Enquirer: 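Quick one: the structure is below, and I'll ask about it shortly.
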There are 2 protein chains.
Amino acid sequence: MSRKSWRSVKEIRIADVARLAGVSTATVSRVLSEPGKVRQKTHDLVMEAVRRSGYIPNSTAQKLRTRRTMNVLVVAPRLTNPVFAEILRGVDDELTQSGYGIIIGNLDNRREREARYVELALSRQVDGVLLLTGYIPENGARDMRESGLPIVAMCAAIDDDKIPNVVVQDREATRQAVEYLAGLGHRRFGYVSGTPTSIIEHERFRGFREGIAAAGFGPDDFVRWEGPFVFSTGVAAAESFLTMRDRPTGIFAACDESAIGFIKRIREERIRVPQDVSVIGFDGIEFSDYTEPTLTTFRQPLHELGRAGADVLMKLIQNDMSPGDWDIRLPLTLLERDTTGPVLHKDYKSLRRSSI
Amino acid sequence: MSRKSWRSVKEIRIADVARLAGVSTATVSRVLSEPGKVRQKTHDLVMEAVRRSGYIPNSTAQKLRTRRTMNVLVVAPRLTNPVFAEILRGVDDELTQSGYGIIIGNLDNRREREARYVELALSRQVDGVLLLTGYIPENGARDMRESGLPIVAMCAAIDDDKIPNVVVQDREATRQAVEYLAGLGHRRFGYVSGTPTSIIEHERFRGFREGIAAAGFGPDDFVRWEGPFVFSTGVAAAESFLTMRDRPTGIFAACDESAIGFIKRIREERIRVPQDVSVIGFDGIEFSDYTEPTLTTFRQPLHELGRAGADVLMKLIQNDMSPGDWDIRLPLTLLERDTTGPVLHKDYKSLRRSSI
DNA sequence: CTGAAAGCGCTAACAC
DNA sequence: GTGTTAGCGCTTTCAG
C-alpha cells in the first residue's frame with residue numbers, strides 16, 4: 001500500500017509573493033536580502049505578502065544563483081568517539097552563528113568511505129571543509145584539494161601551506177605527563193599508544209619521548225604497547241604488562257579509553273592504582289570522572305577547538321584571514337585525579353630490599 | 001592579509017564536456033544518468049571527455065532541476081550522547097547505500113535550536129526528515145510537518161498517523177528488568193528516571209510500573225528519583241538513597257550513565273554491588289562493560305534501529321511503503337553482568353534478625 | 001527606488 | 001539515439 005501526495009503542499013514561489021504585493025520579484029528578493037535598499041512602505045507591503053503566503057525561499061535556487069551553498073563539510077574519523085562528537089558541537093555552535101549548516105562526513109574508521117566526501121566537495125555541495133582526519137581525503141583519482149574549496153585541518157595537523165591548522169598542544173602535554181610521572185618518583189614508564197598510523201598518535205609519542213629525555217631517561221626506560229584509540233587497546237596492553245617481571249610503574253595512555261581499559265584489567269589482578277601503578281590518560285572525556293579511581297588525565301579544550309576551527313574556516317571563506325589564524329595550538333589542562341601518586345617502592349632495587 | 005583565488009580552479013560545465021565529445025549536453029546528461037539509453041560508441045566518447053576534463057556535475061543545478069536534494073535531515077537531541085551517535089551510524093550506513101547524504105540537526109538539548117531545522121525543511125534543503133526527538137520540531141509560526149516532507153520518528157514514537165515509528169521495545173524491556181530483579185528476590189525497588197518530559201522516559205517508567213504490578217507489588221514498594229539522562233542524575237539519586245532508612249535493594253536506571261553514577265556514589269560509602277544492592281541499567285553503551293563491576297543492562301539495537309529508520313524513510317520517499325513498515329518495534333537484549341545478584345537479606349525483617 | 005530580463009547549470013519533454 | 005529548447009526559482013545587473 002503506497003501513500004501518495006507527499007508533495008501536496010503547494011509551493012509558493014517568489015513570483016506569487018510579488019504578485020500578492022503588487023511589486024516585481026526583484027523587489028521581493030531585495031526586501032528579503034538587503035532591506036535597507038527598499039522604501040519602508042514597499043518593504044512593509046512585501047513583508048505582509050510574505051507573511052500571508054508563508055513564503056520561504058527555495059534554498060536550492062538561491063544556491064545555484066549565488067554560487068554559495070551555506071554548508072560546510074566536516075569529515076571526522078568516527079563520530080561515536082566522544083572526542084570528535086564534542087569537537088563537532090563546537091563547530092556547530094560557531095557555524096550556526098554564521099548561518100552555515102553542517103554536512104557530516106563520518107568515516108567510521110573506514111577509509112573507503114572518504115571517496116564519497118571528495119565527490120561531495122568536488123560537486124560543490126559545500127563552501128568549505130573541516131578535516132578532523134589528519135590527512136587529505138582522496139578518491140582514487142583526485143583529492144579534496146582539487147575542489148579548490150577552503151579547507152581547515154583541526155585536531156590533527158596537515159602539512160600543506162594552503163591549509164591552516166587548528167590543533168591542541170598534544171606534544172607539550174604528553175611531555176608534561178611524563179615529567180609529572182617522573183616528578184612523582186617513577187623510573188620505569190609505559191606508553192599505551194593510539195592508532196599507530198595516525199598523526200595524533202605520532203605527535204603524542206614524540207612528546208612522550210621528549211619527556212623521557214627531559215627527565216633524564218632513555219629508550220630502555222619505557223615500553224610501548226600499540227593499538228587503536230579504544231578500550232580494548234588498554235586491556236591488551238595490560239595483558240602484556242601483567243606478564244612482565246620488571247613492570248613499569250608510570251603509565252601514560254594516549255587516550256582515556258585505553259587508560260580505563262588498562263586500569264580495569266590490572267585491578268582485576270589486585271594491582272592497586274595508584275599505590276602500585278600510576279596511570280595518566282589523555283582527552284578528559286566525561287566518563288573519566290566516573291571510573292574507580294577517577295582518572296588523572298589531560299583535558300582537551302574540545303568545544304573551543306571546534307569553535308576555533310570553524311571560525312578560521314569562516315574567515316577563509318570570507319577572505320579575511322590574518323596570519324595569526326594560520327596555526328592555532330590550544331593548551332590542555334592537567335586534571336590531577338586519583339590514578340596517579342608517588343612511587344612507594346622507588347625502583348627495582350629498593351623493592352627487593354624492602355621485601356627481604 | 002587576505003588570500004585570494006580560492007575559486008581559481010576553473011569550473012567545467014556540462015557544455016564543455018559536450019563540446020569536447022562533439023555531442024549535445026542532453027547526451028552527456030543521459031550518459032551520466034541513464035547509460036542504457038545511449039549508443040555504446042557515443043557513451044565511450046562522452047566518458048572519455050568526462051575523464052579528460054575531470055567533469056563533475058554541479059549538484060545544486062541538478063537539485064534545482066530534478067527537485068530532489070538527495071539529502072536527509074536527522075534531528076537529534078544531543079549528539080554527544082552515545083545512544084544517538086550510534087543510531088546515527090546506522091542511519092548513515094543505510095542512507096549512504098541509497099546515495100543520500102545527511103544533514104545533522106543537533107539540538108544539543110536546547111529547544112531553541114529546532115527553529116533552524118524547521119526552516120531548513122521548509123526551504124526544501126532535504127527530501128525527508130528523521131526525528132530522534134519524540135516530538136515535531138517547531139518554529140514559533142510553523143512546525144516541520146508543514147514542509148510536506150516525509151518524516152519518520154525513531155527512537156521515540158510520535159503520535160501522528162502520517163509519521164511511521166521505528167522504536168525499541170522500551171516498555172517491555174523495562175518491565176522485564178523489574179521482573180528480573182524481583183526474580184532475584186528483591187522486594188523494594190528504585191527507579192532512576194531520565195529526562196522527565198521525554199517520551200522515552202515516560203515509556204520506560206510505564207514499563208517499570210507494569211513490572212512492579214506484574215511481580216505483585218504496588219506503588220509503595222518503589223521510590224523514583226528524577227533527572228535527565230546523565231551521570232549526575234545517578235549521583236543525585238544515590239545521595240537520596242543514602243539518606244534512606246529502608247533502602248531499596250533492586251535499582252533500575254533509565255540509562256547506563258545514571259546507573260554508573262549511582263553505583264560509583266554508593267560504592268564510595270562502602271555499599272557493595274551486587275551483594276547489598278543490585279543495579280540494572282539501560283542502553284548497553286560501550287562503557288557499561290568497563291565499569292567495576294561491569295553493568296547489567298539492556299542493550300538497544302542502536303545500529304539496527306538507525307538502519308531500519310532510514311530504510312523506512314527511503315521507502316516513504318520512494319512511495320513504496322508497506323503496512324508492516326509503519327510501526328517497527330525492535331527487541332532489546334538483556335546483558336547479565338555483575339551489578340545484579342540475589343538478595344542476601346531478603347527483607348527488612350530478616351535483615352534485622354541477622355544483625356542481632 | 002523599482003522593474004525587466006538574463007542567466008546560474010542542469011534535465012526532460014519533445015522533435016527529428 | 002540524439003539534439004533543441006524550455007524551464008527549475010532565484011538574484012543581480014542594467015535601465016529607467
Side-chain angles (χ1 to χ4, degrees), chain A residues 7 9-47 49-50 53-70 99 119 122-127 147-148, chain B residues 7 9-47 49-50 53-70 99 119 122-127 147-148:
Chain A
R7 305 283 169 181
V9 179
K10 107 167 162 271
E11 292 302 325
I12 294 117
R13 300 178 326 282
I14 196 169
D16 300 321
V17 179
R19 200 175 321 111
L20 216 63
V23 298
S24 73
T25 61
T27 299
V28 176
S29 175
R30 279 190 202 103
V31 168
L32 262 25
S33 55
E34 23 184 21
K37 298 198 170 178
V38 171
R39 208 172 6 137
Q40 183 63 45
K41 201 180 151 202
T42 322
H43 175 272
D44 296 346
L45 220 58
V46 170
M47 285 314 288
V50 167
S53 61
Y55 171 65
I56 296 212
N58 178 313
S59 70
T60 305
Q62 289 180 312
K63 289 188 217 292
L64 180 59
R65 181 59 233 231
T66 60
R67 307 167 133 290
R68 284 178 313 138
T69 66
M70 297 305 280
E119 277 138 36
L122 255 18
S123 66
R124 316 216 79 75
Q125 299 198 49
V126 292
D127 298 336
S147 67
Chain B
R7 307 282 169 180
V9 179
K10 106 164 165 272
E11 292 302 325
I12 293 118
R13 300 179 325 283
I14 196 170
D16 300 322
V17 180
R19 202 175 320 113
L20 215 62
V23 299
S24 74
T25 60
T27 299
V28 177
S29 175
R30 278 189 204 104
V31 169
L32 264 22
S33 55
E34 22 184 23
K37 298 198 171 178
V38 171
R39 214 186 342 155
Q40 183 63 44
K41 200 180 150 200
T42 323
H43 175 273
D44 296 346
L45 220 57
V46 170
M47 285 314 288
V50 167
S53 61
Y55 171 67
I56 297 215
N58 178 314
S59 70
T60 305
Q62 289 181 312
K63 289 188 216 293
L64 179 59
R65 182 60 231 232
T66 60
R67 305 166 132 291
R68 283 177 315 136
T69 65
M70 297 304 280
E119 276 138 37
L122 256 18
S123 65
R124 316 215 77 79
Q125 299 197 48
V126 293
D127 297 337
S147 67

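Here the structure is a predicted model, which is why all the values come from computation and not from measurement. In what follows, every chain begins at residue 1, and chains take the letters A, B, ... in the order their sequences are listed.
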Enquirer: What's the CD1-C1' distance between A:I14 and D:dC8, to the nearest Å?
Expert: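 Taking atom C1' of D:dC8 as the reference, CD1 of A:I14 is at 14 Å.
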Enquirer: Rounded to the nearest angstrom, tell me the gap between atom CZ in A:R19 and atom C1' in C:dT2.
Expert: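 It is 18 Å, rounded to the nearest whole Å.
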Enquirer: Using whole Å, report how far CD of B:E34 lies from P of D:dG1.
Expert: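 Distance check: B:E34 CD to D:dG1 P gives 12 Å.
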Enquirer: Starting at CD of B:Q62 and ending at P of C:dC10, how long is that distance when rounded to a whole Å?
Expert: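 Going from CD in B:Q62 over to P in C:dC10 covers 7 Å.
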Enquirer: So if I take every side-chain heavy atom of B:R65 and compare against D:dG3, D:dA6, D:dT11, which nucleotide ends up nearest?
Expert: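 In terms of side-chain proximity for B:R65, the closest of D:dG3, D:dA6, D:dT11 is D:dA6.
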Enquirer: Does the side chain of B:T42 get closer than 4.0 angstrom to OP1 or OP2 of D:dT2 through an N or O atom?
Expert: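 For D:dT2, OP1/OP2 do have a side-chain N/O of B:T42 under 4.0 Å.
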Enquirer: Keeping B:T66 on the side-chain end and B:Q62 on the backbone end, is there a donor-acceptor pair under 3.5 Å?
Expert: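 Judged by distance alone, yes, a pair lies under 3.5 Å.
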Enquirer: Just the rounded figure in Å: distance from P of D:dC10 to CG of A:L32.
Expert: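 Roughly 10 Å, once rounded to whole Å.
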Enquirer: Once you apply a heavy-atom cut-off of 4.0 Å, does A:S33 come out as touching a base, just sugar-phosphate, or nothing?
Expert: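 Here A:S33 touches no strand at all.
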Enquirer: In terms of side-chain heavy atoms of B:Y55, which of D:dC10, D:dG3, C:dC10 is nearest?
Expert: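 The listed nucleotide nearest to B:Y55's side chain is C:dC10.
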Enquirer: Take atom CZ of B:R124 and atom P of D:dC10, then tell me their distance rounded to the nearest Å.
Expert: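 To the nearest whole Å, that distance equals 12 Å.
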Enquirer: Atom CZ of B:R13 and atom P of C:dG7: how far apart are they, to the nearest Å?
Expert: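 It is 12 Å, rounded to the nearest whole Å.
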Enquirer: Ignoring hydrogens and angles, tell me if any N or O in the side chain of B:S29 forms a donor-acceptor pair with the backbone of B:T25 under 3.5 Å.
Expert: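 Looks like no, no N/O pair under 3.5 Å.
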Enquirer: Between B:K37 and B:L64, who's closer to the 5' end of DNA chain D by nearest nucleotide?
Expert: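 The residue whose closest nucleotide sits nearer the 5' end is B:K37.
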Enquirer: Give a yes/no answer on whether the side chain of B:T66 brings an N or O atom under 4.0 Å of OP1 or OP2 in C:dT11.
Expert: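 No.
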Enquirer: For D:dT2 and B:R39 - does any side-chain N or O of the residue sit under 4.0 Å from the phosphate oxygens OP1/OP2?
Expert: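 Looking at the OP1 and OP2 atoms of D:dT2, one of them is under 4.0 Å from a side-chain N or O of B:R39.
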Enquirer: Return the minimal non-hydrogen interatomic distance between A:K63 and B:T60, and the atom names on each side.
Expert: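 For A:K63 versus B:T60, the nearest heavy atoms are CB-CG2, 3.5 Å.
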Enquirer: For the pair made of CG in A:D44 and P in C:dT2, what is the distance, rounded to whole Å?
Expert: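 After rounding, the reported distance stands at 11 Å.
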Enquirer: So which nucleotide from C:dT11, D:dT4, D:dT11 ends up closest to the side chain of B:S24?
Expert: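 Taking heavy atoms from C-beta onward, the closest nucleotide is D:dT4.
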Enquirer: Does the B:R30 side chain pair with the main chain of B:G36, one donor and one acceptor, at a distance under 3.5 Å?
Expert: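 Judged by distance alone, no pair lies under 3.5 Å.
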Enquirer: Identify which nucleotide among D:dT2, D:dT5, C:dC10 has an atom closest to any side-chain atom of B:N58, counting heavy atoms from C-beta outward.
Expert: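 Given the options D:dT2, D:dT5, C:dC10, the side chain of B:N58 is closest to C:dC10.
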Enquirer: Could you say whether B:R30 or B:A61 is positioned toward the 5' end of DNA chain C, judged by the nucleotide with the nearest heavy atom to each?
Expert: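 Its nearest nucleotide being more 5', the pick is B:A61.
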Enquirer: Picking from A:R39, A:K41, A:M47, what satisfies side-chain contact (heavy atoms from CB on, under 4.5 Å) with A:H43?
Expert: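 The residue from A:R39, A:K41, A:M47 that satisfies side-chain contact (heavy atoms from CB on, under 4.5 Å) with A:H43 turns out to be A:M47.
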